[in-house]
Amino acid sequence: DHKRNLYESPGTLFLVDFEHKDNVIWKIFKEFVISSTTLFSSLVNNNKYHQAKIVDSWFHITNSGGYHVPHDHRIYSWGCIYYLQTDECRPADKNNYSNGINHFYSPFEDKGRVIKGQEWNYKSGVWLSNPFEGHLIIFPGFIKHDASAYTGKNDRIIISANINIE
């Protein structure tokens, strides 16, 4: 089973007219995701202008040990995760226990040569997000990622999207 104790909304969160379509905050948030991804894609591609377009989007509500296994979104240019409610998430402690964090896995297998600025890849091959509420993580669609099991008094809530560049 690739997902457990995780509610996933339909993939049309940003795409359909739903009951809050006139909500100004929702419109601002959607534009924040689009403009952030457009800017990020332009910067990492030598300032070549790109326009981001959300292809699909959804939210996850997780609790009671809920998680999802490593997967990618390789048919899309970019993926993103917006941390809406994550107050009880935490990175691994001394017993290697983490709660509701995302792992992003390096696509590179060569561990023999360390390149400055890429030390994370050669230590473990995994970058662990520290999910702060209000942060947006943008990553290439081909990067495998997962979410560790989460349990808390409050649900862990994230909004995600797959984005292509036009």
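Along the sequence shown, residues are numbered consecutively beginning with 1.
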Visitor: Ignoring hydrogens and angles, tell me if any N or O in the side chain of Thr151 forms a donor-acceptor pair with the backbone of Gly65 under 3.5 Å.
Guide: yes
Visitor: If you define the side chain from C-beta out and look only at heavy atoms, does anything of Asn154 sit under 4.5 Å from Gln85?
Guide: yes
Visitor: What's the separation between atom OH in Tyr67 and atom CG in Asn99, rounded to the nearest 0.5 Å?
Guide: 15.0 Å
Visitor: Tell me every residue that passes side chain to side chain donor-acceptor pair (under 3.5 Å) with Ser148, counting only those two or more places apart in sequence or in another chain.
Guide: Ser98
Visitor: Keeping the roles fixed (side chain from Thr86, backbone from Pro131), state whether a donor-acceptor pair exists under 3.5 Å.
Guide: yes
Visitor: Report the C-alpha distance between His50 and Asn45 in whole Å, list the side-chain angles of each, state the deciding distance to 0.1 Å, and finish with yes or no for side-chain contact (heavy atoms from CB on, under 4.5 Å).
Guide: CA-CA 9 Å; His50 293 107; Asn45 286 290; 3.3 Å; yes
Visitor: Is there a donor-acceptor contact under 3.5 Å from the side chain of Glu133 to the main chain of Asp87?
Guide: yes
Visitor: Same cluster or not: are Leu39 and Val44 linked, directly or through other Ile, Leu, Val, Met, Phe, Trp or Tyr residues, by side-chain heavy atoms under 4.5 angstrom apart?
Guide: no
Visitor: Determine yes or no for a side-chain-to-main-chain donor-acceptor pair under 3.5 angstrom, with Arg156 supplying the side chain and Gly100 the backbone.
Guide: yes
Visitor: Donor-acceptor pair, distance only, cut-off 3.5 Å: does the side chain of Glu166 make one with the backbone of Ala52?
Guide: no
Visitor: Any chance the side chains of Tyr83 and Asn102 put a donor and an acceptor closer than 3.5 Å?
Guide: yes
Visitor: According to a hydrophobic-cluster definition based on side-chain heavy atoms being under 4.5 Å apart (Ile, Leu, Val, Met, Phe, Trp, Tyr only), do Ile61 and Trp26 belong together?
Guide: yes
Visitor: Would you say the rings of His71 and His145 are close, in the sense that their centroids are separated by under 6.0 Å?
Guide: yes
Visitor: Minimum heavy-atom separation for Val33 and Thr37, please, with both atom names.
Guide: O-OG1, 2.9 Å
Visitor: In terms of relative ring orientation, are Trp58 and His73 parallel, tilted or perpendicular, with 30° and 60° separating the classes?
Guide: parallel
Visitor: Of the non-hydrogen atoms in Phe104 and Ile81, which two are nearest, and what is the gap between them?
Guide: CZ-CD1, 4.0 Å
Visitor: Taking the side chain as everything from C-beta on, heavy atoms only, tell me whether Leu136 gets closer than 4.5 Å to Phe29.
Guide: no
Visitor: Answer whether the closest heavy-atom distance between the side chains of Ser57 and Asn162 falls below 4.5 Å.
Guide: no
Visitor: Which heavy atom of Ser41 sits nearest to which heavy atom of Trp78, and what is that distance?
Guide: OG-NE1, 3.3 Å
Visitor: For Phe32, does its backbone N or O pair with a side-chain atom of Ser36 as donor and acceptor, under 3.5 Å?
Guide: yes
Visitor: Any donor-acceptor pair under 3.5 Å linking the side-chain atoms of Tyr7 with those of Thr62?
Guide: no
Visitor: What is the distance from atom CG of Leu43 to atom OG1 of Thr38, rounded to the nearest 0.5 Å?
Guide: 11.0 Å
Visitor: Are the ring centres of Phe142 and Tyr76 closer than 6.0 Å?
Guide: no
Visitor: His103: which residues meet the ring pair (Phe, Tyr, Trp, His ring centres under 6.0 Å) condition with it, sequence neighbours left out?
Guide: none
Visitor: Looking only at heavy atoms, which two atoms of Ala161 and Ile54 are closest? And how far apart?
Guide: CB-CG2, 4.2 Å
Visitor: Determine, using ring centers only, whether Tyr105 and Trp127 are less than 6.0 Å apart.
Guide: no
Visitor: Treating Asn164 as the side-chain partner and Ser77 as the backbone partner, does any N or O pair qualify as donor plus acceptor under 3.5 Å?
Guide: yes
Visitor: Please evaluate residues Ser160 and Tyr82 with respect to the criterion side-chain contact (heavy atoms from CB on, under 4.5 Å), reporting the C-alpha separation (whole Å), side-chain torsions for both, the decisive distance (0.1 Å), and the verdict.
Guide: CA-CA 6 Å; Ser160 292; Tyr82 180 82; over 6 Å; no
Visitor: Given 3.5 Å as the limit, does a donor-acceptor pair link the side chain of Asn5 with the main chain of Ser64, or not?
Guide: yes
Visitor: Look at the side-chain heavy atoms of Ile, Leu, Val, Met, Phe, Trp and Tyr, link any pair under 4.5 Å apart, and say whether Val55 and Phe40 land in one connected group.
Guide: no
Visitor: Can you tell me which residue pairs pass the ring-ring contact (aromatic ring centres under 6.0 Å, His included) test with a partner in residues 146-166, sequence neighbours excluded?
Guide: none
Visitor: Does the pair Lys3/Glu8 count as a salt bridge with the N-to-O cut at 4.0 Å?
Guide: yes
Visitor: Specify the closest pair of heavy atoms between Gly152 and Glu88, including all atoms of both residues, with the distance to one decimal.
Guide: CA-OE1, 3.5 Å
Visitor: Please find the pair of heavy atoms, one from Asp146 and one from Val69, that lie closest to each other, and give the distance.
Guide: CB-C, 3.6 Å
Visitor: Look at the side chain of Asp155 and the backbone N and O of Ile157, then say whether any donor-acceptor pair between them is shorter than 3.5 Å.
Guide: no
Visitor: Could you tell me the separation between the CD1 atom of Ile163 and the NZ atom of Lys53, rounded to the nearest 0.5 Å?
Guide: 12.5 Å
Visitor: Check whether any side-chain heavy atom of Arg4 sits under 4.5 Å from a side-chain heavy atom of His68, and report yes or no.
Guide: no
